Amino acid sequence: MNGAEYLLFILMLSVFLGFELINKVPATLHTPLMSGANAISGITVVGAIALAGTGDADLAQWLGAGAVALASVNVVGGYMVTDRMLGFFKKKES
Amino acid sequence: MNGAEYLLFILMLSVFLGFELINKVPATLHTPLMSGANAISGITVVGAIALAGTGDADLAQWLGAGAVALASVNVVGGYMVTDRMLGFFKKKES
Amino acid sequence: MDLSIITSLGYVVASGLFIFGLKMLGSPATARKGNMVSAVGMLVAIVVALLDQGIVEYQFILGGMIVGGAVGAIAARAVAMTSMPEMVALFNGLGGAASLLVGWAALSPDANTFTLITIVLSILIGGVTLTGSLIAYGKLSETLGSGAVMFKGQQLVNSLIILGVFGSAIMFCLEPTDPTWLYVVIGLSLVFGVMAVIPIGGADMPVVISLLNSYSGLAACAAGFAINNNVLIVAGSLVGASGIILTQIMCKAMNRSLSNVLFSGFASVSNETTEIEGEIKPINAEDAYYILEAATNVAIIPGYGMAVAQAQHVVKELANLLEANGAEVNFGIHPVAGRMPGHMNVLLAEADVPYDQLLEMDEINPRMESVDVAIVIGANDVVNPAAREVESSPIYGMPVINVTDARTVFVLKRSMASGFAGIENPLFYKENTRMLFGDAKETISALVRELGG
Amino acid sequence: MDLSIITSLGYVVASGLFIFGLKMLGSPATARKGNMVSAVGMLVAIVVALLDQGIVEYQFILGGMIVGGAVGAIAARAVAMTSMPEMVALFNGLGGAASLLVGWAALSPDANTFTLITIVLSILIGGVTLTGSLIAYGKLSETLGSGAVMFKGQQLVNSLIILGVFGSAIMFCLEPTDPTWLYVVIGLSLVFGVMAVIPIGGADMPVVISLLNSYSGLAACAAGFAINNNVLIVAGSLVGASGIILTQIMCKAMNRSLSNVLFSGFASVSNETTEIEGEIKPINAEDAYYILEAATNVAIIPGYGMAVAQAQHVVKELANLLEANGAEVNFGIHPVAGRMPGHMNVLLAEADVPYDQLLEMDEINPRMESVDVAIVIGANDVVNPAAREVESSPIYGMPVINVTDARTVFVLKRSMASGFAGIENPLFYKENTRMLFGDAKETISALVRELGG
Amino acid sequence: MRLAIPREIHPGENRAAVTPETVKKLVRLGADVVIETGAGVGSGFADDLYTAEGASIEADRSALLGSADMVLRLRKPDTDEVAMLKPGCIHVSYLDPFNEHALIRAFAEQKVTAISMEMIPRSTRSQKMDALSSQANLAGYVAVLLAAARLPRIFPMMMTPAGTLKPAKVFIIGAGVAGLQAIATAKRLGAKVTAFDTRPVVAEQVQSLGGKFLEIDLGDTGQTQDGYARELTPEQVEIQRQAQKDVIADSDVVITTAQVFGRKPPVLVTADMVAGMAPGSVIVDMAAETGGNVEGSVPNEVVDVNGVTIIGTGNLANIAARDASTMYASNMFNLVEDTWDKEAKRFVLDMENDILPGCVITHDGAVVHPTIKEMITGAN
Amino acid sequence: MRLAIPREIHPGENRAAVTPETVKKLVRLGADVVIETGAGVGSGFADDLYTAEGASIEADRSALLGSADMVLRLRKPDTDEVAMLKPGCIHVSYLDPFNEHALIRAFAEQKVTAISMEMIPRSTRSQKMDALSSQANLAGYVAVLLAAARLPRIFPMMMTPAGTLKPAKVFIIGAGVAGLQAIATAKRLGAKVTAFDTRPVVAEQVQSLGGKFLEIDLGDTGQTQDGYARELTPEQVEIQRQAQKDVIADSDVVITTAQVFGRKPPVLVTADMVAGMAPGSVIVDMAAETGGNVEGSVPNEVVDVNGVTIIGTGNLANIAARDASTMYASNMFNLVEDTWDKEAKRFVLDMENDILPGCVITHDGAVVHPTIKEMITGAN
Ligand SMILES: NC(=O)c1ccc[n+]([C@@H]2O[C@H](COP(=O)([O-])OP(=O)(O)OC[C@H]3O[C@@H](n4cnc5c(N)ncnc54)[C@H](OP(=O)(O)O)[C@@H]3O)[C@@H](O)[C@H]2O)c1
Ligand SMILES: NC(=O)c1ccc[n+]([C@@H]2O[C@H](COP(=O)([O-])OP(=O)(O)OC[C@H]3O[C@@H](n4cnc5c(N)ncnc54)[C@H](OP(=O)(O)O)[C@@H]3O)[C@@H](O)[C@H]2O)c1
Ligand SMILES: NC(=O)c1ccc[n+]([C@@H]2O[C@H](COP(=O)([O-])OP(=O)(O)OC[C@H]3O[C@@H](n4cnc5c(N)ncnc54)[C@H](O)[C@@H]3O)[C@@H](O)[C@H]2O)c1
Ligand SMILES: NC(=O)c1ccc[n+]([C@@H]2O[C@H](COP(=O)([O-])OP(=O)(O)OC[C@H]3O[C@@H](n4cnc5c(N)ncnc54)[C@H](O)[C@@H]3O)[C@@H](O)[C@H]2O)c1
């Protein structure tokens, strides 16, 4: 068994999980959920860190640093925006 | 990253999935579901096949063959019993 | 490499089929198909495994499969509908045995610690599953007595066994070459399986089997780790996790906790005289759902609180859903329920409850013993057992609706406040009573949501 | 090895937190906590990644993080509540850009074909996400016109771009050393992102963003494959899958199909004159649920069919659930609905619908334009637009309830049969009408179940 | 155009053809509305309420009628009142045209256009003018109240400390407009309701109100184009009687509404069936005035036959006079408005219209309604 | 033990103290039940129905009373009938002990044990014998029916082709047993119901039936241990009147049930309030017999005050005589059975019991009920 096989397994399981998890979300949550999921997709930052840190090639390093910056915007901004949205949402409820 | 890491990932994802999948099963399905899941747990047969086939050591081979036999009972019997149960269940419904 | 890609893909496909199959098994409409899907998954996995092995030593594999398959098929066809549960127990035990053997077979001199741990887990869980299932089989088929077996010092013996299992497992990992420890582990795990199941009564066996089933999944998973096989891990942990959830659901439907099921035997030996005064057991709508879902005979006893909450329409909705779920539903109307004569009639007529579902107290009381769940909705005085039990009570001698005779009683009210007569109600402290606190309308709406979803 | 175990465990934990977080985000009560949980997961993943790297070349990492984090934080705090959606679009675009860069950076001369494919996927999806999100941002913030942009030959151009993307991607995989193909792929994917989003109107942007969000997850997943990183794969595919589902849900709530949203722009250019007579569009309870769930103003128009089905109690239940969900609910009663004067009043009073929710035809008609969903329950003649539109109709001139003015109309009946007056009803063929066939009581019970669950 | 509303002079009639509310709407159309003094008193509308909405009051009845371009009233007029009308006048009221041949002829001779409210077609569009329906509807409600107030039992089920009272059983024969409303009202009060009608389409309507439909196989029955029942053959009536016998004996209240448009209603409850009922039971014969569905019922009287009360009160809607007036007036207004010419401010007798041809009986000196014409010339 | 049931001779009284059903149960207890001829006719129970269940019939009233060990009746007896009883006899009926001092004294002199049905305590356990409740319950239902049958409007809302009829507005003053049932019945018929009571606990009960409770701040009111209202001070009555004024003017039907146990009921609806109501409105004064809550109401008559109908009919339960008898008889039986000695087949006057001490007025030649004793000796 090689790495790709494991990755495939992981992919399949995650996809299934993703489908199972998001089930009948109320309309009011569509935007925050989208935004929250978007923040998670900023996980690329981890990949970027790996590449920026390798020092393999100059280009890769610069690209990685750029990726880190962009992904950081996504992550930090994403979580904060989502939180603000949800805070607002809660206030409206009560 | 080594194999164990992948296996851990797979374990975690599968456990999550297992929890997500079985949600509010009606009481009438408890027994068939148990039985169906039991049949799946007969997957050990795959492991047994691997070991029985290796020819590594005499003992392992014999043990493997035994395991194949036992697991086969579980698999074949399990699926068939479940099917019979569900067939009966359907008849009662209609 | 070529073959390995096929193997990999095959295992992925098989796992996917297992997942789909399990999901479909959870709903009546698709259950049968779900079983097929997971069977196909199994077929794929086996074929792939065989391909992967080439044809080396095929006689062992084939032999095992033919013998095992034939036995399984014959048993499955021959078994009577009523003895299916014990058959499942038996199959499950064999699955455990298989895991035990696989773990054992995976033992090779060059195994590292991680592998050793997984091997010992595989053997241990497999062994417990094997004998535990066999005992469960025996109890269900009445080959063994179905009662709980208990003896003095049982707890001590069990503790010793557990210690022994741990000790020998550790020793085995440290000295994998010495087969003694292996045999000790195998032996003790087998004994432990027996000891764990004998003190549990026959009526609780389905829960035990479900739990052992979950174990056999875990055993397969451990075996998967031992021989580094993904599909075993996926399928095993799926079964492990879903089995645990299922066990939990079954416990809830019986209105028991898991530890209560597993250790009730032990407990009752040690302190037989602990007859406490009773305590209040609140329950939430979700747990109440599991109990209601499994009920086939439900009695609804409305009182003034239903009127206050204006819950009559949701009560009717609840009754409809319960009937749709196959339960018989009746309303028990006490003559003084509410605050004016016929108070309940007015409200239930408004909600269009058919007249013939309304039973007078004298009609419902004799039937109460066959009621699975009595739902007391904002009634208090009219279900107060003090009228029968407490001679000093101001309502002593008044006939009341005997909900205590039902298997389980749900009481819906907002607090522990007393009713019109201003007297304490011992019903709330009974063993089989569960309190659903909150406004009756909201509580019932929650139940309706649970039942509807 | 030591560090590697920590890394592995850390990634597992982070993935678990993402899963929990996403699950919690799906329910109003836990959403905010869910966001926190997934943020913690992200923190864990980043810390682990940093640890894994040692401190080599930390300046690049730290620099990037500080700059990016600061920008993100400032933007997130400064943005007005009303422009959150475009902010999300922007962030999403940056995420896409990051994936593009990671894919690019992962390119090394010794990459094998599998890795190359994943690299090209990462770049491609990342690029499309980037420019697509930017366009969406522009449309939402009205920096660009929010209308759909269309031009002659758009389809041809798009086809060419798609061909070009495929071609260059294949060439790149074959000749990874030639940077030209790489640049072509990058360029074309950026262009394609623009082209895909410009023909979609501003009102549909939330769906587009959700879809692009799903893409950015897939891009991260592809990047994960490229650099062989599990946590990227798990998180990316989680976002990919849940994003797709969410997109689907949003489409259903808008009563549109995904392809209708994505290609409506293209379609309307090519065949502008296809004004067909109208067709019957059946819908099932689940899809109807998504539309109802998102509605804030619902009108219920009962007719004789509600009486036949004796659906009044479930109708009331439905109204309650919709109100609990924040919608305004009114009943529009046509004077001749039913089979006797006041027929609807009798039934709705029985179900305890408050009098002030019952609006006469003249009261509800002017409000109909602000109604999101008009639910016609077993009414036919009294909602027949032929009374206004078809001069030859025997009921021409009779005032009817103008449900066609509502955004969406659900018609609940068992068949296409006509009503008492025996005339065809053009309502059933209108663009915004959906037919829920079946006994009204059963249909509404199904809706109640969906809404309750 | 001068619209005259005379007072209803039939003894005991409390309803009015027009209410202040409708006067307001008529005035808004541009009509000149004149009301006879005291026209609304029976329904609780004093003269000043009418004048407040723009009507004028006229005390002299013959002057009122003589000057009218259009007369709106409820009950049919006497022949001598017809003589007071000026030719070309349009007269709207109940007319009973199947029986009142002399009256019809008087209208024709006077060259008055007579519109019969009984003859309004029963189409979906004309329902707003259908006074038979609007009044029958109220009558159905009142019938149940009368029965309930006389029954020595209560309608709803009650489980009380002093025992359980079973719900009363109510049997309703004829589930037209009045019958359906009776079913609804009896159900509201908590009774167990069974109903029967010869028109098979009605079964579903009865069930739609929570009533039980009694299945009787009468062979071919059917209904007319206007939705009225056809007359049964004597054999069919006999089958029906036999099948209803047990239900009637078992009922606490029987309400009969069985009418056959333009014909004498069938006798469905015979004396021996009445005798079979428990003492204290109540029968309401809503067809008593036109001949009766119940043997022994006396029009406009309440009789006791061996302990069974038989209510023959006709004109039940009159008991709810105020609402009955409101609805009748609304029917009047809808009729007037339907073909009203807003420019010319006058009612247009548009015989191309889909409603008027069915209900205009005489016009311009001739009997124009085909069925009635045939009947009258046939009778001559 | 000989249980005698005399016929109710009060004019217009149709109820009976015992029904054939209860005779059956009494006979099963071992009692010897004697019924006066015609005792059940008013409720539809002929003599032979009683004999079929094991009762014997006695035509001679004085012989019947003279031989009785226990008398079960509904209305209070005349003093000369008390004289016919033998000493030691137990006499159960309504007695009106707060006012009928001469009667009480007669009982004491005759050494008869008199049980007053008014004085049955209102505990949860005694509800099965509580005739005040069982009869008030039916009276509340009947009151609404009477009002509905007289109102020139209908109760429910109706949206019809001839316009929308608004639901009638009903205001109920006093939400005790009768008031609550009136609320329920009016709601059933579709009216909009508002109610008021001085006892604050009632608000929730009104709402539990779908009625609206009128909030009036009267200061301290409260209730007695038995759940009866306390008498209001004159100031409180005035506050209440003012607060109700607008509601009454706006109502189509007003039903008053306000009683204060043992005292004259307060006048809550004054003449000017009646004048403020629209013509055609209906008032039912359920307290009319004991003094009246409504100014201008006449006991047992229906009067018209400027177009407003005021119904003063007392004894409303009597209108539903059959069900009223069933319930009263059931109360009787429950009373007898509660302390019946099955061995000795006799009723035991167990004064240790939690119910009898409250309702036994005289025993063994003395007035034993403390409150009544005080009142009578005080009056002397
Ligand atoms: N039927 C009659 O004619 C009549 C007349 C007068 C008096 N009574 C007396 O009334 C009593 C009737 O007995 P019952 O069992 O019907 O009523 P009850 O004994 O008065 O008890 C009613 C219970 O309902 C609960 N409740 C109130 N509002 C609620 C809400 N919104 N949601 C959920 N629970 C609510 C209260 O508990 P929480 O406060 O904790 O929620 C209370 O314990 C008897 O004692 C009878 O004698 C009857
Ligand atoms: N109000 C009155 O006083 C009165 C009196 C007599 C006649 N009418 C006439 O009746 C008509 C009333 O109009 P309306 O819109 O209320 O009714 P309608 O036009 O008669 O239409 C009723 C519709 O309900 C559907 N239906 C029947 N049973 C159903 C069930 N169990 N579940 C779901 N759908 C069901 C039928 O379609 P499917 O068969 O396809 O299900 C039918 O198209 C008018 O034409 C009016 O003139 C009224
Ligand atoms: N198109 C419209 O909108 C409209 C308007 C008004 C009425 N209608 C319909 O017209 C129909 C008749 O109306 P109506 O109430 O004025 O009729 P009606 O007063 O002439 O008769 C009353 C009922 O008695 C029934 N009947 C006759 N002979 C009978 C017998 N032997 N046994 C039992 N029942 C018998 C009739 O079928 C009818 O239902 C109703 O179905 C009504 O719905 C339709
Ligand atoms: N324990 C039991 O089981 C039991 C049995 C029967 C009755 N009860 C209770 O006893 C209470 C009284 O019963 P009742 O109906 O026989 O009382 P009632 O006939 O004496 O009085 C009728 C009502 O009038 C009200 N009232 C008095 N003065 C008023 C005023 N000024 N304005 C408005 N209302 C006024 C009283 O509060 C009472 O509710 C009820 O609450 C009833 O529930 C309890």
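Each chain gets a letter, A, B and so on, in the order the sequences are listed, and its residues count up from 1. On a predicted model such as this, the values are computed, not experimentally measured, just so you know. Basis for what follows: all heavy atoms, side chains included, without hydrogens, waters or symmetry-related copies.
Residue with the most contacts toward chain C among B/Leu70, B/Thr44, B/Val73, B/Val45: B/Val73 (heavy-atom pairs, distance under 4.5 Å). Comparing C/Ala14, C/Ser214, C/Ala223, C/Ala73 by heavy-atom pairs within less than 4.5 Å of chain B, the highest count is held by C/Ala73. Each of C/Ser122, C/Ala294, C/Ser210, C/Gly217 has some count of heavy-atom pairs under 4.5 Å with chain B, and the biggest count is that of C/Ser210. In terms of heavy-atom pairs under 4.5 Å with chain C, the best-connected choice from B/Gly42, B/Gly36, B/Gly47 is B/Gly47. The candidate with the highest count of non-hydrogen atom pairs below 4.5 Å against chain C, out of B/Gly18, B/Ser35, B/Ser72, is B/Ser72. With chain B as the partner, the residue from C/Val67, C/Ile244, C/Val79, C/Asn325 showing the most heavy-atom pairs under 4.5 Å is C/Val79. Note on B/Leu13, B/Ile10, B/Ile43: by heavy-atom pairs under 4.5 Å with chain C, the leading option is B/Ile43. Interface remark: of the candidates C/Glu286, C/Met250, C/Met87, C/Lys23, C/Met250 forms the most heavy-atom pairs closer than 4.5 Å to chain B. When C/Val102, C/Val239, C/Asn213, C/Leu94 are compared by the number of non-hydrogen pairs under 4.5 Å with chain B, C/Asn213 comes out ahead. When C/Val71, C/Ile233, C/Leu232, C/Leu212 are compared by the number of non-hydrogen pairs under 4.5 Å with chain B, C/Leu232 comes out ahead.
Listed here is the closest heavy atom pair of B/Met85 and C/Val88: CE-CG2, 3.9 Å. Heavy-atom minimum distance, B/Ser14 versus C/Val234: OG-CA, 3.6 Å. Minimum heavy-atom separation, B/Ile22 to C/Ser242: CG1-CB, 3.1 Å. For C/Ala76 against B/Arg84, the heavy-atom pair with the smallest separation is O-NH1, 2.8 Å. Of all non-hydrogen atoms in B/Val46 and C/Asn229, the two that sit nearest each other are CG1-ND2, 3.7 Å. The two residues C/Ala235 and B/Ile40 have their closest heavy-atom pair at CB-CG2, 3.9 Å.
Heavy atoms of C/Leu107 lying under 4.5 Å from chain B are absent altogether. In this structure, the portion of B/Ala39 lying under 4.5 Å from any heavy atom of chain C is its backbone and not its side chain. Of the two parts of C/Met65, the backbone and the side chain both hold a non-hydrogen atom closer than 4.5 Å to a non-hydrogen atom of chain B. B/Val15 touches chain C through backbone and side chain together, each having a heavy atom under 4.5 Å away. Of the atoms belonging to B/Val81, heavy atoms from both backbone and side chain fall under 4.5 Å from chain C. Residue C/Ala75 does not touch chain B at all, counting heavy-atom pairs closer than 4.5 Å. At a 4.5 Å heavy-atom cutoff, C/Thr247 makes no contact with chain B through either its backbone or its side chain.
The closest side-chain heavy-atom distance from B/Thr31 to C/Pro206 is not below 4.5 Å. Contact check for B/Leu33 versus C/Leu22: side-chain heavy atoms found under the 4.5 Å cut-off. In this structure, the side chains of C/Met36 and B/Asp83 come closer than 4.5 Å at one or more pairs of heavy atoms. Counting heavy atoms from C-beta on, the side chains of C/Leu25 and B/Leu29 never come closer than 4.5 Å.
Between atom CG of residue B/Leu63 and atom CG of residue C/Leu100 there is a gap of 9.0 Å, rounded to the nearest 0.5 Å. Remark: C/Glu293 CD to B/His30 NE2 distance equals 6.0 Å, nearest 0.5 Å. Between the CZ atom of C/Phe91 and the CG atom of B/Asn38 there is a distance of 8.5 Å, given to the nearest 0.5 Å. Separation of atoms SG (C/Cys221) and CG (B/Leu11) is listed at 5.0 Å; rounding is to 0.5 Å. Going from atom CG of B/Leu21 over to atom CZ of C/Phe20 covers 10.0 Å, rounded to the nearest 0.5 Å. Put simply, CD on B/Glu20 and CG on C/Leu238 are 12.0 Å apart, with the number rounded to the nearest 0.5 Å.
Using modelled atom types and a 3.5 Å distance limit, the side chains of C/Tyr215 and B/Ser41 yield no donor-acceptor pair.
A donor-acceptor pair under 3.5 Å is formed between the side chain of B/Tyr79 and the backbone N or O of C/Ser38. Side chain of C/Asn35 to backbone of B/Thr82: no donor-acceptor contact under 3.5 angstrom is found.
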